[in-house]
Structures are given as structure tokens and as C-alpha cells.
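Just so it is clear, the values below take in all heavy atoms, side chains as well, and ignore hydrogens, waters and symmetry mates. Here is how names work: the chains are called A, B, and so on, in the same order as the sequence lines, proteins then strands, and each is numbered from 1.
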Amino acid sequence: MQPDPPSPGSSTPRKLIDGSLIFITALAVAGGAGVWWLKGGDKFREILLIETGFAVMLLPKILAGILIASCLPLLMSQRRIQALIGPESGLRGLMIATLAGVVIPGGPSVTYPLTLGLMSAGADLGAGVALVSGWVLVGLNRTLIWELSFLPPEFVALRVALSLPAPVLIGWAVRRYINGAAR
Amino acid sequence: MNILIGTILLWALALLMLRRLKTQAPESLPAVYARGKSTFLFMVPRIFIGLIGAGFLAELLPVDQIDRYFGANSGLAGVLLATLFGAATPGGPFVAFAIGAAALKAGAGWAPLIAYVTSWSVMNLNRSIAYELPFMGRRFLLFRSAASLPLPILLGAWLLLF
């Protein structure tokens with residue numbers, strides 16, 4: 001998803017084997033060894049089978065997400081994205097990014113590729129972080145469908161009200177830090 | 001079922017965009033496919049390893065004991081502990097919210113509960129390892145997590161005070 005000029009704010013490494021792959025592999029091996037040791041080989045095989053099956057079912061979805069993220073920067077005018085949620089978009093840009101995160105109706109395999117596509121198209125790291133924060137903190141889909149079915153509405157309302165300013169603040173903090181480090 | 005509907009909707013959107021690109025800028029299509037292929041090859045081992053690793057770690061965590069530490073009088077210690085458990089809780093939203101609901105029934109206070117739900121929302125090791133790290137890279141995850149870390153504690157403390 002890296003566009004030809006390196007995308008602003010994105011640091012996704014393109015090497016097939018890199019630090020983060022080694023890190024998650026080490027975690028998986030340690031976790032697997034722990035399960036085998038504490039819960040036995042049957043449990044180990046059961047989890048391995050379930051998660052592998054889940055990953056296989058997820059693959060078509062991920063491929064579609066990648067195609068969307070690859071098309072997005074080409075279909076949208078770079079200048080417009082940059083004006084809306086680029087590094088110079090100010091507080092308004094962070095609010096727009098947050099709102100986008102709130103209304104995105106999908107799970108992680110939708111939201112992350114979309115964010116990556118927008119960042120390739122000119123959104124900065126702060127806006128990307130605000131978008132993901134809006135989605136994880138006050139995403140409509142999760143709040144309305146999941147949270148309200150389990151927790152009392154007064155609690156949900158209070159949590160949403162208190163969390164609402166957070167994505168903008170978090171994005172602002174990231175943007176400020178990056179600008180400070182660049183200077 | 002959910003995953004099937006999501007897949008169909010995503011493919012509809014992807015095909016729609018590819019068709020628009022075909023009429024608007026057909027010369028860019030080979031590059032889109034090449035980039036899509038290399039990104040997909042980049043993602044596949046990460047998704048498999050991430051999901052399997054998260055599955056193993058989930059099995060090892062003592063989630064069934066979470067409601068024990070949520071007591072209404074647990075104060076700031078309860079909020080901090082709830083923040084820790086929130087980050088460690090594996091699985092989809094139904095798991096975290098079901099645990100939260102069970103804890104509430106067992107007499108947990110709102111302060112640890114809001115810290116727990118918020119921490120699960122922003123930190124969520126499971127999602128970070130299985131999705132965010134492979135998709136967004138280390139830098140994005142580190143910056144977002146560092147900036148989000150105070151939030152569950154702040155919200156919990158807010159509810160303790162007011």
C-alpha cells in the first residue's frame with residue numbers, strides 16, 4: 001500500500017521478514033509452548049486449528065480490504081484528502097477523522113486498511129490515530145450493537161460522553177509530538 | 001455469518017472502486033494489482049501468526065477471575081488493575097462487555113468498569129497483535145498506544161471523584 005512517493009506518516013515496512021514479524025512469531029511460539037506445557041497437547045492443537053481456520057476465512061476479506069486501500073489514493077484527489085485530514089488540517093481535520101472512525105461500520109479488517117489507504121492519500125499520522133481512536137472508543141456499530149446489549153444505558157451514555165473528546169486530543173498529542181520532533 | 005456479510009460488502013466496494021479506476025485511470029491498474037499482491041503476501045504470514053499467537057495468549061490469561069478484582073471499594077488500585085485486565089482481555093466485543101456485565105452484577109463499581117471497558121477499547125493486546133501491528137506497523141501502534149494509555153485511568157479516576 002506504499003505509494004510511489006513514500007506515504008506521509010506511514011511506516012509500514014515492506015521487507016517480508018522484519019522486526020515486527022519476528023516479534024509476533026516469538027510471542028506466538030512462547031504462547032504455544034505455554035499452552036502445551038500448562039494445558040496439554042490437545043488444547044494446543046485445538047487452538048491452532050481454530051485460529052488457522054479463522055485466519056483462512058479472513059483471507060478473502062483482507063484481500064478486498066487491500067484492494068480498497070490500494071485504489072483509494074488513486075480515486076481521491078490527494079489535495080482534497082490533504083486539505084481535509086492532512087498535517088495542516090488543524091483541529092477540524094482531527095474532528096473529521098474522528099467522525100469517520102465513529103461511523104465506519106466494520107471491524108479491524110475494514111478499518112485498518114481504510115486508514116492506511118487514507119494515510120497513503122495524504123492523511124497524517126495524527127489524523128490516522130484520531131480515526132482509529134474514534135472507531136475503538138465510540139464506534140457506533142460496537143456501541144449500539146454490543147455495548148448497549150450488555151451494559152446499562154446510563155453507563156454507556158456516560159462513557160461515550162466522557163470519551164468523545166478523546167480521539168481528537170489523542171490525535172492532537174501525536175501530531176504535536178511529531179511536529180516537535182521534526183523541528 | 002457476520003464475516004460472510006462483511007466479506008461480500010467489502011468485495012462489492014472493492015469491485016466498484018476497481019471499475020471506477022478502470023474508466024478513470026486504466027493505466028494505473030497493473031500497479032494497483034502488483035501492489036495489492038505484494039501487500040497481501042506481506043500480510044498473510046502476519047495474520048496467521050498474529051491470530052494463532054493471540055489465541056494461545058488468550059488461553060493462558062486468567063479472564064475468569066476478572067470480576068473478583070472489580071470491587072466497588074477498590075479505589076484507584078481497582079481502576080489500575082481494571083486497566084491492566086482490559087488491555088489483556090482477548091476476543092471480540094461480546095467477551096469484554098459480557099465480563100463487564102458479569103462484574104457489574106457481582107457488585108463492581110462504575111469506576112473500575114469504565115477503566116476496564118475503555119482500556120479494552122484503546123489497548124486490547126489481542127487486536128494490537130493480530131491486526132494493528134501487521135496492518136499499520138510498529139510506529140503507528142506505539143504512538144497511538146502511548147497517547148491513549150492515560151485515558152482509562154483518567155476516566156476511572158474521574159468517576160471515583162464525581
Side-chain angles (χ1 to χ4, degrees), chain A residues 1 11-14 16 20-21 24-25 27-28 31-32 34-35 38-39 43 47-48 50-52 54-55 57-58 60-68 70-71 74-75 106-110 112-113 115-116 125 128-129 132-133 136-137 142 146-147 150-151 155 159 162-163 166 170 173-174, chain B residues 3 6-7 10-11 13-14 17-18 20-21 24-25 28 32 35-36 39-53 55-57 59-60 93-94 97-98 100-101 104 110 113-114 117-118 121-122 127 129 131-140 143-144 147-148 151 155 158:
Chain A
M1 258 157 287
S11 68
T12 313
R14 292 290 80 180
L16 210 54
S20 62
L21 181 65
I24 59 172
T25 307
L27 267 184
V35 168
L38 292 168
K39 315 255 167 138
K43 193 82 209 171
I47 294 170
L48 191 66
I50 290 174
E51 297 299 337
T52 307
F54 183 61
M57 289 205 315
L58 216 56
K61 210 173 166 183
I62 287 169
L63 186 58
I66 287 171
L67 282 175
I68 292 171
S70 307
C71 291
L74 293 166
L75 284 173
S109 53
V110 180
Y112 289 126
T115 309
L116 209 53
L125 186 64
V129 165
V132 170
S133 301
V136 296
L137 272 171
R142 177 194 296 160
W146 293 110
E147 191 171 4
F150 282 102
L151 300 176
F155 174 83
R159 191 194 67 75
L162 288 177
S163 301
I170 291 170
V174 168
Chain B
I3 194 166
T7 307
L10 268 187
W11 269 104
L13 184 62
M17 291 176 107
L18 281 174
R20 254 190 89 182
L21 207 57
Q24 268 184 22
S28 63
V32 166
R35 199 155 68 209
T39 309
F40 189 65
L41 291 178
F42 176 82
M43 295 291 314
V44 166
R46 285 162 175 76
I47 289 290
F48 274 89
I49 295 169
L51 283 173
I52 291 167
F56 284 143
L57 293 180
E59 179 66 30
L60 294 173
F94 49 94
F97 292 134
L104 203 59
W110 276 25
L113 183 63
I114 204 167
V117 172
T118 308
S121 299
V122 294
R127 189 193 56 217
I129 294 170
Y131 293 97
E132 191 158 342
L133 194 59
F135 269 116
M136 308 304 294
R138 221 174 347 180
R139 183 162 173 261
F140 186 94
F143 272 110
R144 194 188 65 71
S148 305
L151 189 65
L155 291 191
W158 176 280

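Distance check: A:Leu58 CG to B:Phe48 CZ gives 9.0 Å after rounding to the nearest 0.5 Å. Atom CD of residue A:Glu51 and atom CZ of residue B:Phe56 lie 8.5 Å apart, to the nearest 0.5 angstrom. Atom CG of residue B:Leu10 and atom CG of residue A:Leu63 lie 10.5 Å apart, to the nearest 0.5 angstrom. Between atom CD of residue B:Glu59 and atom CD1 of residue A:Ile47 there is a gap of 4.0 Å, rounded to the nearest 0.5 Å. Put simply, CG on A:Leu116 and CZ on B:Phe140 are 8.5 Å apart, with the number rounded to the nearest 0.5 Å. Note that CG of A:Leu125 is 8.0 Å distant from CE of B:Met136, once rounded to the nearest 0.5 Å.
When each of B:Leu21, B:Val32, B:Ile47 is checked for heavy-atom pairs under 4.5 Å with chain A, B:Leu21 comes out on top. When the candidates A:Pro108, A:Ala173, A:Ala28 are compared by the number of heavy-atom contacts under 4.5 Å with chain B, A:Pro108 comes out ahead. Contacts with chain B were tallied for A:Val132, A:Val129, A:Thr25, A:Ile62; A:Val129 has the most, counting heavy-atom pairs under 4.5 Å. Heavy-atom pairs under 4.5 Å with chain B peak, among A:Ala64, A:Gly32, A:Ala55, A:Gly31, at A:Ala64. Of all the listed residues (B:Leu41, B:Leu13, B:Val44), the one sharing the greatest number of non-hydrogen pairs under 4.5 Å with chain A is B:Leu13. Top candidate by heavy-atom pairs under 4.5 Å with chain B, chosen from A:Leu137, A:Ile50, A:Leu27, A:Val110, is A:Leu137.
At a 4.5 Å heavy-atom cutoff, the contact between B:Leu51 and chain A is made by backbone and side-chain atoms alike. Contact annotation for A:Ile170: both backbone and side-chain heavy atoms come within less than 4.5 Å of a heavy atom of chain B. Contact annotation for B:Leu151: only side-chain heavy atoms (C-beta onward) come within less than 4.5 Å of a heavy atom of chain A.
Closest approach of A:Pro60 and B:Thr7 over heavy atoms only: CB-CG2, 3.9 Å.
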Next on the checklist: One pair to check against side-chain contact (heavy atoms from CB on, under 4.5 Å): A:Ile68 and B:Met17. What are the steps and the verdict?
Outcome noted: CA-CA 7 Å; A:Ile68 292 171; B:Met17 291 176 107; 3.6 Å; yes
Item to check | Test side-chain contact (heavy atoms from CB on, under 4.5 Å) applied to A:Phe155 and B:Leu104, step by step | outcome: CA-CA 11 Å; A:Phe155 174 83; B:Leu104 203 59; 5.8 Å; no
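Counting only heavy atoms from C-beta outward, the side chains of A:Leu162 and B:Thr118 never approach each other to under 4.5 Å. Taking 4.5 Å as the limit, some side-chain heavy atom of A:Ser133 sits within range of a side-chain heavy atom of B:Arg144. Counting only heavy atoms from C-beta outward, the side chains of B:Arg46 and A:Leu21 approach each other to under 4.5 Å.
The 12-atom threshold is exceeded at CH2 of B:Trp11, counting heavy atoms of other residues, nucleotides or ligands nearer than 6.0 Å.
With sequence neighbours excluded, no residue forms a ring-ring contact (aromatic ring centres under 6.0 Å, His included) with B:Tyr131.
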